[in-house]
Amino acid sequence: MNLNELNPMQRKAAEQLDGPVLILAGAGSGKTRTLTYRVANLLEHGVKAWHILALTFTNKAAREMQERIERLAGESATDAWIGTFHSICCRILRRDIEKIGYEHSFTIYDEDDQQRVIKAILKQLDIDEKFLPPKSISAAIGDAKNRVLNPDEWLKNSPADYRSQKIHDVMTEYEQRLKAANALDFDDLLMKTLQLFLEHPPVLQYYQQRFQYVHVDEYQDTNYAQYQLVRLLTQESRNLCVVGDDDQSIYGWRGADIRNILDFEKDFPDAVVIKLEQNYRSTANILDAANQIIAHNEGRKEKELWTEDGEGEKIALYSAADEREEAGWIASRIRALNRQGISYGNMAVLYRMHALSRVLEETMMRAGIPYRVYGGTRFYDRKEVRDILAYLRVIENPADDVSLARIINVPKRAIGDSTVDTLAQFARQNDMPLYSAVAAPPDTLPARAKKSVQGFAAMMAGLLIARETLPLGEFVQKVIDEAGLITQYEKDADNNEENQTRIENIREFMGAVTEFEQKSEDKSLFAFLENVALVTELDNQENVPNYVTMMTLHSAKGLEYDAVFLSGMEEGIFPSARALQEENRLEEERRLCYVGVTRARKLLHLSFARRRLLFNQMQFNAPSCFIQEIPKRLIQEEWSSPAQSSGGGWGSYGGTGMKPRPQYGYGDTVPARKPAVNGLNIPGVQRGFVASPARNINVQLFKTGDHVLHRKFGKGVVREVSGTGENARIAIVFPVFGEKVFALSIAPIVKVEE
DNA sequence: GTTTCTAATATTTTT
DNA sequence: TATTAGAAAC
């Protein structure tokens with residue numbers, strides 16, 4: 001390790017080993033690098049890795065830090081604890097959770113489990129879901145836990161109305177049920193760790209002694225519980241180094257309290273504050289834009305990024321007729337950039353919400369661009385996978401009622417709702433978990449039902465024994481076999497594609513188990529389940545080199561790409577409709593925009609659609625107010641030709657037909673921040689535009705998906721037909737030559753059978 | 001108890 | 001749009 005590889009400020013941060021340190025690190029200022037060198041420096045100064053703790057928010061960040069530290073410091077770093085808040089807490093709890101009345105083999109409930117519990121409680125308390133939507137209750141529960149309040153305390157801090165009272169009731173029952181099920185939700189992982197520390201000083205002392213040097217990444221995203229944890233841990237040593245950027249605080253909705261970073265100097269008056277403002281990532285133009293955007297926020301720590309780099313390209317802004325055309329433009333740009341030598345892996349398309357990804361995805365697929373979508377529905381969220389997991393969870397923790405209820409009749413084994421209700425009631429009356437009722441079914445059950453239940457109980461008992469003797473992989477296989485999880489789909493798998501994929505998913509799950517068994521040190525069932533709960537499969541994915549990355553702005557934090565596309569830059573989408581209603585939320589959206597802009601190294605593209613079909617509703621949204629916050633001198637506008645209506649034209653980008661049309665200045669025609677709601681309120685922006693013509697009528701000869709033969713390029717598939725008359729264009733994807741666009745009237749093509 | 005159809009309903013961001 | 005909850009039919 002050589003500290004000369006750092007700039008003066010970074011070096012200062014890496015050398016300031018003792019006492020409280022606040023590193024205000026702007027985007028792209030080498031934050032991780034600095035932190036990495038600091039840890040390496042600690043090791044070099046003889047600090048044992050064992051004494052080092054580094055907390056991050058995402059697994060991605062944790063893994064990256066781990067790898068980089070090991071690369072820099074080698075073997076000596078392996079004993080350091082580097083992980084997300086949640087995984088570190090899980091580790092701590094696993095050792096001592098019994099002290100606060102849970103069992104060692106606790107289960108982690110995710111949102112889905114949480115929802116199930118809440119719904120069951122609503123039913124039990126006879127509360128209408130319309131009156132109290134389960135989502136609003138889980139939000140309240142999360143809110144309470146983020147602020148470290150128990151249900152009673154939460155009620156005191158809420159409006160004294162009937163609604164709060166009811167939420168409180170559900171909350172209380174929720175806590176009891178989770179406790180009874182020996183289960184913790186995500187927030188509990190933090191809360192219970194805190195509780196453990198507060199109620200058992202020796203445990204706290206142990207970790208205080210152990211973690212002599214504590215680092216927190218993305219400190220601006222910490223919530224109150226996390227703040228408390230960090231404070232407790234560093235009370236004695238006072239060696240706390242936090243890194244963050246108040247301008248990148250984007251998790252306020254999850255309870256992150258930006259004051260934690262803003263008030264760090266109040267909490268630690270002797271803190272050394274270091275600002276990293278030199279940016280090593282982006283061109284001057286991109287930084288300029290980012291600085292200008294974020295300057296619109298109030299109440300931030302003043303800082304301005306600068307770079308030694310040149311101006312670079314201007315920011316491309318594209319106004320699309322609709323969302324398909326927007327996607328088309330992005331795809332065409334990506335292909336053009338790829339031809340210019342930027343690899344797909346160095347490009348990313350970002351959007352405000354997952355719902356926007358679908359059109360983009362379709363377009364990428366058609367254009368033959370390799371891509372990866374991050375997030376969205378996860379592998380482990382698939383029904384069939386969750387079913388297996390539920391089995392495993394019951395085996396690890398038989399008190400887990402939610403999982404047991406899920407699988408008691410999966411696959412179908414003639415244990416219907418009424419039977420389960422009877423069992424659940426019996427269990428509740430006797431104050432025992434559902435599993436006990438299943439293991440010893442009451443005589444009140446009809447004989448047939450009882451027999452089914454006994455059969456199920458016998459199978460589970462067998463699995464519980466098998467678990468003691470078999471290694472993880474074999475055991476999971478046995479569960480799948482015994483329970484008949486694959487068999488249930490095999491019956492008509494041949495003529496049922498859905499069942500086929502389910503079976504494949506189960507096989508894939510087995511693959512994941514095997515992989516875990518090979519890679520992980522701790523091969524226990526508990527460790528596996530913890531991994532599934534806290535680590536998404538995306539985190540495990542190696543950086544796939546040549547794929548365009550598509551993801552939400554939130555998950556893009558911490559990443560960087562040569563070329564970045566910010567899509568859906570529209571009022572009501574980004575900033576989101578909700579943010580437009582509350583002024584203080586808009587600042588967070590702006591920070592999110594700042595995060596997005598600063599992901600780009602060389603090229604930044606912004607795009608919006610004048611018309612967008614979203615959630616099956618046509619929206620006419622004004623361009624995002626954030627676009628106006630970028631000085632015009634930094635922007636190169638590109639406008640879709642009005643003649644090319646829906647979906648047209650992207651294939652021709654860089655060739656003919658698409659010319660910049662800067663005469664339509666957007667800035668002056670756009671009413672500031674006016675939410676456009678579902679087409680009812682068509683904002684003034686529409687005025688400057690030529691109305692898009694109706695969809696073409698005379699192009700039915702060829703349609704998307706048709707197979708055609710071209711005289712020169714051979715066989716291909718029609719991707720799109722657009723325009724009318726002489727302007728009609730047809731886009732065809734050829735296996736070898738890629739996508740080509742022809743004038744329909746003269747193209748030498750014929751329709752062929754597949 | 002199980003299957004199949006219809007209808008409703010919800011859509012921000014994540015560990 | 002797409003998934004899922006609920007009702008009716010089997």
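Proteins get letters first, then strands, A, B, ... in listed order; numbering begins at 1 in each.
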Quiz item: Does the A/Glu570 side chain pair with the main chain of A/Ala609, one donor and one acceptor, at a distance under 3.5 Å?
Solution: yes

[X] vs [N]: side-chain N/O to OP1/OP2 distance below 4.0 Å:
X: A/Ser555; N: B/dT14; answer: yes
X: A/Lys135; N: B/dT11; answer: yes
X: A/Thr552; N: B/dT14; answer: yes

Rounded off to whole Å, could you give me the [atom1]-to-[atom2] distance for the [X] and [N] pair?
X: A/Glu111; N: B/dT11; atom1: CD; atom2: C1'; result: 15 Å
X: A/Arg352; N: B/dT14; atom1: CZ; atom2: C1'; result: 12 Å
X: A/Asp217; N: B/dT15; atom1: CG; atom2: C1'; result: 14 Å
X: A/Leu553; N: B/dT14; atom1: CG; atom2: C1'; result: 14 Å
X: A/Lys557; N: B/dT15; atom1: NZ; atom2: C1'; result: 13 Å
X: A/Arg254; N: B/dT14; atom1: CZ; atom2: C1'; result: 5 Å
X: A/His86; N: B/dT14; atom1: NE2; atom2: C1'; result: 9 Å

Kindly write out the residues that satisfy side-chain contact (heavy atoms from CB on, under 4.5 Å) with [X], not counting sequence neighbours, or none if the list is empty.
X: A/Arg94; answer: A/His104, A/Asp522, A/Ser524, A/Phe526
X: A/Ala437; answer: A/Leu423, A/Phe426, A/Ala427, A/Met432
X: A/Arg91; answer: A/Trp81
X: A/Asn505; answer: A/Phe379, A/Arg382, A/Glu384, A/Val385, A/Glu508

Quiz item: When the C1' atoms of C/dT4 and B/dT13 are considered, how many whole Å apart are they?
Solution: 23 Å

Practice problem: Could you tell me whether the side-chain ring of A/Trp253 sits stacked on the base of B/dT13, using a centroid cut-off under 5.5 Å and a plane angle under 30°? | Solution: yes

Quiz item: Which pairs pass side-chain hydrogen bond (donor to acceptor under 3.5 Å, both in side chains) with one or both residues in residues 444-459 of chain A, sequence neighbours excluded?
Solution: A/Asp443-A/Lys450

Quiz item: Where do A/Phe574 and A/Leu592 land on the side chain to side chain contact (heavy atoms under 4.5 Å, CB included) test, with the steps shown first?
Solution: CA-CA 9 Å; A/Phe574 187 31; A/Leu592 188 57; 4.0 Å; yes

Give each protein N/O atom lying under 3.5 Å from an N/O atom of nucleotides 2-7 of chain C, with the pair distance.
unit_1: C/dA2; atom_1: OP1; unit_2: A/Arg358; atom_2: NE; d: 3.2
unit_1: C/dA2; atom_1: OP1; unit_2: A/Arg358; atom_2: NH1; d: 3.0

Quiz item: So which pairs with a foot in residues 185-197 of chain A pass salt bridge (Lys or Arg N to Asp or Glu O under 4.0 Å), sequence neighbours left out?
Solution: A/Lys145-A/Asp185, A/Lys145-A/Asp188

Exercise. Using a 4.0 Å cut-off on protein heavy atoms (strictly under), produce a 5'-to-3' string for nucleotides 1-8 of chain B with B for base contact, S for backbone-only sugar-phosphate contact, and - for none.
Key: SSS-----

Self-check item: Sugar-phosphate, base or nothing in reach of A/Phe85, heavy atoms under 4.0 Å
Solution: nothing

Exercise. Go through the structure and list residues passing ring-ring contact (aromatic ring centres under 6.0 Å, His included) with A/Tyr371, not counting sequence neighbours.
Key: none

